[in-house]
Amino acid sequence: MKILFRGPLALLAMAAATATVQAEILLQDDFNDNVLDTAKWQTDVTALSKRTGVKVEEVNQRIELTGRGYLITQQQFDPLDYDTLQITGTWTFPGGDDMLQILTRSDAVPTEQYGETQTGVEFRYQCHDNSFAINSRNVGVQNLLIDKSNLKFAAGDSFNFIIQDDGENLYFKMVEVGDATSWAMATATCTTDTTYDYIVFHNRENPDAGTRRSNLDNVVIASVPEPGTFVLFGAGLLAALAWSGRRRRSSRS
């Protein structure tokens with residue numbers, strides 16, 4: 001899809017083009033060919049207790065994650081190998097009860113009855129209580145680093161997200177597509193140097209009956225020069241995308 005930028009958005013697009021000269025794209029996928037690129041991704045649909053109907057599918061020009069299915073990078077990305085490891089993309093909640101869970105520094109191993117990730121730094125938005133958090137996980141034990149509950153959600157909402165990890169400093173922001181006033185941001189620190197450094201995307205486990213599904217799109221994993229500069233740039237870019245979405249939605253109306 002070609003997006004034309006006009007007015008203030010055009011200036012931001014120009015700034016983005018300038019900024020990305022300094023950034024190194026490590027992995028990029030828009031999932032538009034409906035075939036999972038196994039050179040970039042692997043999956044885990046292991047059915048543990050409380051994980052029923054588990055799926056990871058590239059369909060409808062996106063990734064559909066069902067019942068805590070794991071989408072995992074083939075390559076490991078150690079934040080200490082880069083100035084700052086940055087992950088961006090778009091997450092959609094088709095239903096009213098699900099979770100966004102994205103991990104860095106992860107072994108990508110599901111554990112416990114609910115299939116939570118065994119080890120990693122986890123960036124999470126939990127819809128049923130609007131919990132917006134950064135955790136660390138070590139052999140299945142969760143350590144809450146920060147939790148904020150200021151992001152409201154409705155079924156069908158999409159959010160642009162930006163995550164940064166430089167091996168110590170963590171940054172997490174989500175902005176609703178179409179409404180730049182709906183956003184949440186959290187920062188934390190974690191110096192844990194893990195054995196594995198996969199990046200993992202998954203949603204919430206299915207209950208005994210019913211289906212939970214989240215959609216993931218337009219993932220970019222990059223190395224960016226300085227956390228401060230790109231936090232500001234990333235926040236502006238997410239806001240612009242949200243503004244653009246609202247403008248397009250208004251035009252359709």
Side-chain angles (χ1 to χ4, degrees), residues 1-3 13 16-17 19-20 23-45 55-66 68-79 81-82 84-94 98-106 108 117 120-125 134 157-166 170-177 183 196-204 213-224 230-231 233-242 244-245:
M1 177 185 296
K2 182 179 290 186
I3 301 175
T20 52
E24 177 189 359
I25 303 300
L26 307 174
L27 183 153
Q28 185 170 11
D29 203 334
D30 60 11
F31 308 113
N32 280 352
D33 60 2
N34 293 327
V35 178
L36 188 68
D37 187 343
T38 55
K40 298 177 179 178
W41 305 105
Q42 55 185 311
T43 63
D44 188 332
V45 293
K55 296 179 183 178
V56 177
E57 300 176 296
E58 182 171 334
V59 292
N60 302 314
Q61 297 185 316
R62 65 195 179 200
I63 290 290
E64 296 185 359
L65 303 166
T66 305
R68 195 154 276 159
Y70 280 32
L71 179 71
I72 309 162
T73 56
Q74 285 284 7
Q75 180 181 344
Q76 297 188 56
F77 298 95
D78 184 347
D81 291 341
Y82 311 101
T84 297
L85 184 65
Q86 178 172 279
I87 308 163
T88 58
T90 303
W91 193 287
T92 303
F93 299 98
D98 210 341
M99 298 169 70
L100 172 152
Q101 292 175 275
I102 301 172
L103 294 99
T104 59
R105 312 186 213 175
S106 181
T117 317
V121 176
E122 179 183 70
F123 304 82
R124 184 193 74 202
Y125 175 52
I134 302 175
D157 285 350
S158 295
F159 293 87
N160 293 312
F161 61 82
I162 177 169
I163 288 167
Q164 293 185 335
D165 181 355
D166 67 3
L170 308 171
Y171 176 86
F172 180 29
K173 185 168 185 178
M174 291 172 60
V175 180
E176 184 178 348
V177 175
W183 61 275
Y196 297 96
D197 291 287
Y198 295 104
I199 295 174
V200 182
F201 303 82
H202 68 78
N203 68 329
R204 191 178 182 186
R213 193 192 82 216
S214 283
N215 301 333
L216 174 67
D217 205 358
N218 299 321
V219 170
V220 178
I221 300 172
S223 172
V224 298
F230 277 81
V231 161
F233 165 71
L237 179 58
L238 289 179
L241 290 171
S244 177

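The shortest distance between side-chain heavy atoms of Asn215 and Pro94 falls below 4.5 Å. Between Lys173 and Val175, the closest side-chain pair of non-hydrogen atoms falls below 4.5 Å. Side-chain atoms of Phe201 and Ile63, non-hydrogen and from C-beta on, never get closer than 4.5 Å to each other. For the pair Gln42 and Gln74, the minimum side-chain heavy-atom distance is below 4.5 Å. You'll find the side chain of Asn203 reaches within 4.5 Å of the side chain of Trp91, heavy atoms only. Side-chain contact between Lys55 and Arg213: absent, with no pair of heavy atoms (C-beta onward) separated by less than 4.5 Å. In this structure the side chain of Phe31 reaches within 4.5 angstrom of the side chain of Asp217, judged on heavy atoms. Residues Thr104 and Phe123 meet the side-chain proximity criterion, which asks for heavy atoms closer than 4.5 Å.
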Test log, rule side chain to side chain contact (heavy atoms under 4.5 Å, CB included), inputs Leu26 and Glu24: CA-CA 6 Å; Leu26 307 174; Glu24 177 189 359; 3.7 Å; yes
Worked check of side chain to side chain contact (heavy atoms under 4.5 Å, CB included) between Ile221 and Gln28: CA-CA 6 Å; Ile221 300 172; Gln28 185 170 11; over 6 Å; no
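Every residue was checked against the side-chain hydrogen bond (donor to acceptor under 3.5 Å, both in side chains) condition with Glu58, not counting sequence neighbours, and none meets it. In this structure, the side-chain hydrogen bond (donor to acceptor under 3.5 Å, both in side chains) partners of Asp29, at least two apart in sequence or on a different chain, are Trp41. Evaluation of the ring pair (Phe, Tyr, Trp, His ring centres under 6.0 Å) rule for Tyr198 yields no partner, not counting sequence neighbours. Partners of Arg62 under the salt bridge (Lys or Arg N to Asp or Glu O under 4.0 Å) rule, at least two apart in sequence or in another chain, are Glu64. Remark: Ser158 engages Thr92 in a side-chain hydrogen bond (donor to acceptor under 3.5 Å, both in side chains) (not counting sequence neighbours). Scanning for side-chain hydrogen bond (donor to acceptor under 3.5 Å, both in side chains) contacts around Thr117 gives Tyr70, His202, with sequence neighbours left out.
Taking OG1 from Thr90 and CG from Asp30, the interatomic distance works out to 11.0 Å, rounded to the nearest 0.5 Å. Here CD1 of Ile162 is found 13.0 Å from CE of Met174. Values are rounded to the nearest 0.5 Å. With rounding to the nearest 0.5 Å, the separation of CZ in Phe161 from CZ in Phe172 is 8.5 Å. Atoms CD and CG, from Glu57 and Leu71 in turn, are 12.5 Å apart once rounded to the nearest 0.5 Å. Note: Thr84 OG1 to Gln164 CD = 6.0 Å, rounded to the nearest 0.5 Å. Considering OG1 of Thr88 and CD of Gln86, their distance stands at 6.0 Å, rounded to 0.5 Å.
Of the residues Ile199, Asp78, Asp165, the one that meets the side-chain contact (heavy atoms from CB on, under 4.5 Å) test with Arg105 is Asp165. In summary, of the residues considered (Ile134, Leu103, Ile102), a side-chain contact (heavy atoms from CB on, under 4.5 Å) with Ile163 occurs for Ile102 alone.
Residues Ser223 and Tyr82 share a closest heavy-atom pair of OG-CB, 3.3 Å. When every heavy atom of Val56 is checked against every heavy atom of Gly69, the shortest pair comes out as CG2-C, 3.5 Å. Annotation for Leu85 and Phe77: closest pair CD2-O, 3.7 Å, computed over non-hydrogen atoms.
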